[in-house]
Protein chains: 4
Amino acid sequence: MHAVRTDPDPARRSDASRRAILSTAFDLVGEAGYAGLSIEGIAARAGVGKQTVYRWWPSKGAVLFDAFLMLSEDSGGSPALPDTGDLEADLVAVLRATVDELNDPRYDEPMRALNTEIAHDPDLARAYTERLERPMRELKKDRLRSAQRAGELSADLDPDVAVDLIWGPLLNRWMLRGGELTGDYAERVVVAALDGLRPRGGAAD
Amino acid sequence: MHAVRTDPDPARRSDASRRAILSTAFDLVGEAGYAGLSIEGIAARAGVGKQTVYRWWPSKGAVLFDAFLMLSEDSGGSPALPDTGDLEADLVAVLRATVDELNDPRYDEPMRALNTEIAHDPDLARAYTERLERPMRELKKDRLRSAQRAGELSADLDPDVAVDLIWGPLLNRWMLRGGELTGDYAERVVVAALDGLRPRGGAAD
Amino acid sequence: MHAVRTDPDPARRSDASRRAILSTAFDLVGEAGYAGLSIEGIAARAGVGKQTVYRWWPSKGAVLFDAFLMLSEDSGGSPALPDTGDLEADLVAVLRATVDELNDPRYDEPMRALNTEIAHDPDLARAYTERLERPMRELKKDRLRSAQRAGELSADLDPDVAVDLIWGPLLNRWMLRGGELTGDYAERVVVAALDGLRPRGGAAD
Amino acid sequence: MHAVRTDPDPARRSDASRRAILSTAFDLVGEAGYAGLSIEGIAARAGVGKQTVYRWWPSKGAVLFDAFLMLSEDSGGSPALPDTGDLEADLVAVLRATVDELNDPRYDEPMRALNTEIAHDPDLARAYTERLERPMRELKKDRLRSAQRAGELSADLDPDVAVDLIWGPLLNRWMLRGGELTGDYAERVVVAALDGLRPRGGAAD
DNA sequence: GATTAACCGAGACGGTACGTCTTGTCTTCCA
DNA sequence: TGGAAGACAAGACGTACCGTCTCGGTTAATC
């Protein structure tokens with residue numbers, strides 16, 4: 001006894017179509033923006049029947065998500081964060097790079113589109129968290145744990161909160177355009193996060 | 001020198017229609033979600049011609065924004081943040097309230113909808129920043145400046161960065177569903193932001 | 001006891017507006033065709049409020065009808081048909097002139113528009129018959145009666161049927177584009193109508 | 001060399017939708033009149049997407065035309081005109097039947113609507129002439145040619161002019177409501193057309 | 001090697017919403 | 001109060017996509 005609606009057989013899947021769909025989706029959202037992204041358009045541009053998209057993805061967001069996934073896999077996954085022994089310098093370098101990426105029009109629109117879909121689709125959000133966000137977060141936590149071992153960070157720190165504290169402000173300002181997104185801003189966030197808002201007891205900063 | 005396309009005359013505007021449209025927009029997005037929000041639907045439910053919507057608002061997002069604006073004005077604007085003299089306690093209280101609001105289904109969907117419209121529409125983002133975000137941010141900064149005067153915060157602190165540090169992680173986790181959004185999480189963020197990630201010099205807490 | 005909706009007082013009517021509306025209506029239908037004729041457009045082009053149109057005319061067709069009426073009155077009404085003593089020659093001349101008018105793009109579209117409005121609006125049809133069609137028909141009948149007196153037409157002829165027989169085929173072919181509308185065709189119709197379809201008894205024509 | 005805009009594939013066409021659209025169009029125009037005929041309304045009543053109408057017909061008039069075409073094909077096409085050997089009697093009978101049809105409200109409005117569309121759309125007029133008018137005209141001409149062979153009509157008669165002479169006045173009076181449309185009128189037209197307007201040479205008629 | 005089942009491209013289908021246009025009514029303000 | 005101006009509710013216009021479906025034409029695994 002099994003489901004009536006038989007799932008498609010992944011073995012027979014056309015990889016050419018799959019890749020065409022995903023890269024077309026990424027291209028289209030970059031060119032025409034979030035509003036200009038349609039399954040109709042993806043299928044037409046990719047030279048693919050609409051059914052082929054609907055057969056393998058449940059939603060436009062899922063296509064977009066897979067497009068990002070393919071991109072990240074094709075580029076060999078994410079490397080570890082730099083670890084020079086100077087946490088502050090390393091974080092500033094990483095965040096400055098992130099700022100550059102977020103300001104790059106080639107990535108800005110697609111990422112906004114993906115985030116929008118995630119914000120409205122819990123299933124997609126889960127997939128995103130597990131497949132893309134968590135691996136990146138683990139890299140960040142690895143670096144922080146290394147800093148903890150080096151005594152640069154409090155021993156009793158919750159690494160997840162720490163990651164949120166460092167990256168959250170940046171992403172938030174980017175998404176909602178709550179001010180210019182510059183490397184300097186990133187640096188000030190890192191410093192503030194590391195030192196904390198309260199005055200430090202000892203010698204002046 | 002001015003545009004050919006003369007803007008409609010605000011003096012002749014029907015306030016009844018305006019309010020009907022705005023509250024309908026808010027209701028609809030709450031009931032049917034972001035995807036279920038259409039100008040067609042708003043006009044129909046509000047008993048208003050579609051043209052009346054298009055005459056006064058350039059986009060669906062602008063309607064939604066005005067709906068929030070009306071809501072905030074009708075509720076008499078935002079009051080100052082509590083100031084008991086204990087910054088940490090005050091911030092925890094405020095953020096816990098924010099968490100409750102974000103978890104309230106009546107506000108969750110509409111706010112997501114507004115935020116995603118903002119994310120894709122720079123004009124709307126500017127309006128949001130100026131009319132809604134900045135006033136709230138000023139209240140937050142007032143509280144932080146009060147704490148600075150009381151010696152609870154570093155004197156050379158950039159209040160904008162401070163606000164981002166405290167509220168950014170929360171909003172980010174909410175929007176992207178990057179984990180459960182609880183009062184405890186809010187509290188941990190406040191503590192981490194105030195103390196900083198680095199070990200404090202003295203005996204420390 | 002009388003109607004609630006008081007009719008407007010014709011004495012106060014602005015003649016400038018009236019004339020502007022009528023000539024604009026005629027121009028517009030000539031330029032943009034029947035489909036491009038709207039009360040909105042007439043009012044805008046004539047520099048007149050929409051209400052001024054609605055106040056004085058019950059329908060788009062009525063405006064168009066009045067436009068024709070004004071035109072025919074401004075051109076001093078219709079003169080009598082030529083009467084040289086040779087009925088056939090006179091009819092051919094008149095019908096050839098009619099053919100030329102119907103083929104003139106300046107009159108073709110407006111007349112089509114008026115005729116189709118008439119076809120769908122009995123009130124308008126009545127007004128048309130009484131104010132425009134009947135006067136012209138009387139002129140035609142006058143010429144035919146003159147021919148009857150001269151022995152050129154049967155004494156017991158119904159002049160209305162005769163007029164229909166001569167002009168009907170022409171108008172019909174014009175409206176439905178049932179073939180090229182030429183002076184020769186008009187001539188053949190006149191000859192056939194005068195002689196009849198049956199063979200003539202004697203040596204024949 | 002051919003058009004870029006590829007026409008839809010007729011093989012895939014849904015005959016059920018096609019027939020639903022056509023009969024709905026005919027019904028609607030009969031019920032609500034020409035003004036009450038909209039593609040929106042046809043699609044809704046026929047249980048069909050608007051795009052299905054737009055895909056297969058270029059205009060409202062084309063739908064209406066096809067509706068008439070289907071009607072005439074479904075009723076097995078037009079039979080030959082009666083030929084009892086007495087042309088006058090046959091013509092009177094046919095025209096009386098036509099008068100009845102034109103006075104039948106079930107056909108009056110739809111035909112007016114079709115004629116209106118034809119009057120304003122040359123393409124449609126061409127289609128009408130070729131597919132509906134010409135076949136009917138051939139039947140009429142057949143009957144007239146039979147009469148010519150029987151010596152009832154002039155040998156040198158142009159059958160097209162003859163048809164126009166007989167049917168033109170009728171159609172014209174119907175369309176423009178230029179007087180009551182009765183069987184008697186039809187009879188008087190037939191007699192006048194056959195005998196001609198001129199006095200006949202021999203014994204009185 | 002033939003069968004056969006599923007994928008493929010294509011695209012028609014019933015729908016929903018878009019943003020624009022026009023309708024006929026109503027209101028405001030000017031002369 | 002007539003007229004210019006134009007906002008209003010209503011709804012049709014023609015277009016773009018939605019997600020489902022059906023059609024032949026491959027294509028790959030099974031017999």
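Because the structure is a prediction, the values reported are computed rather than measured. Below, chains carry the letters A, B, ... as their sequence lines are ordered, and counting in each starts from 1.
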Looking only at side-chain N and O atoms, does [X] come under 4.0 Å of OP1 or OP2 in [N]?
{"X": "Arg55(D)", "N": "dC13(E)", "value": "yes"}
{"X": "Trp57(A)", "N": "dG19(F)", "value": "no"}
{"X": "Trp56(B)", "N": "dG6(F)", "value": "no"}
{"X": "Ser38(A)", "N": "dA16(F)", "value": "no"}
{"X": "Thr52(B)", "N": "dA7(F)", "value": "no"}
{"X": "Ser14(D)", "N": "dA12(E)", "value": "no"}

- Query: Of Leu37(D) and Gly47(B), whose nearest nucleotide on DNA chain F comes first from the 5' end?
  - Reply: Gly47(B)

- If you find the nucleotide of DNA chain F closest to Val48(B) and the one closest to Ala46(C), which residue's nucleotide is nearer the 5' end?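 Closest to the 5' end, via its nearest nucleotide, is Ala46(C).
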
- Message: Return the CG to CG distance between Leu28(B) and Leu64(B), rounded to the nearest 0.5 Å.
- Response: 10.5 Å

- Item | Value rounded to 0.5 Å, distance of CZ in Arg19(C) from CG in Asp66(C) |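 That separation rounds to 11.5 Å.
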
Spacing of [X] atom [atom1] relative to [N] atom [atom2], expressed in whole Å:
{"X": "Asp9(B)", "N": "dC8(F)", "atom1": "CG", "atom2": "C1'", "answer": "14 Å"}
{"X": "Glu40(D)", "N": "dT20(E)", "atom1": "CD", "atom2": "P", "answer": "17 Å"}
{"X": "Arg45(D)", "N": "dG15(E)", "atom1": "CZ", "atom2": "P", "answer": "15 Å"}
{"X": "Ile21(B)", "N": "dA7(F)", "atom1": "CD1", "atom2": "C1'", "answer": "12 Å"}
{"X": "Arg12(A)", "N": "dC7(E)", "atom1": "CZ", "atom2": "C1'", "answer": "7 Å"}
{"X": "Leu28(B)", "N": "dA17(E)", "atom1": "CG", "atom2": "C1'", "answer": "13 Å"}
{"X": "Arg13(A)", "N": "dT27(F)", "atom1": "CZ", "atom2": "P", "answer": "18 Å"}

Nearest to the side chain of [X], heavy atoms from C-beta on, is which of [options]?
{"X": "Gln51(D)", "options": "dA16(F), dG19(F), dC8(E)", "answer": "dA16(F)"}
{"X": "Pro8(A)", "options": "dC7(E), dC13(F), dG9(E)", "answer": "dC7(E)"}
{"X": "Ile39(D)", "options": "dG14(F), dT25(E), dC18(F)", "answer": "dG14(F)"}
{"X": "Lys50(A)", "options": "dC8(F), dT23(E), dA12(E)", "answer": "dA12(E)"}

- Task: For the pair His120(A) and Tyr34(B), name the ring-plane relationship: parallel under 30°, tilted 30 to 60°, perpendicular over 60°.
- Result: parallel

- Between Trp56(D) and Arg12(D), is there a cation-pi geometry (under 6.0 Å to ring centre, at most 45° from the normal)? no

- Sequence-distant partners of Asp27(A), salt bridge (charged side-chain N to carboxylate O under 4.0 Å, His left out), two or more places apart: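 Partners of Asp27(A) by the salt bridge (charged side-chain N to carboxylate O under 4.0 Å, His left out) criterion come out as none, since no residue qualifies.
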
- Relative to the 5' end of DNA chain E, which residue comes earlier, Asp15(A) or Lys60(C), by the nucleotide with the nearest heavy atom? Asp15(A)

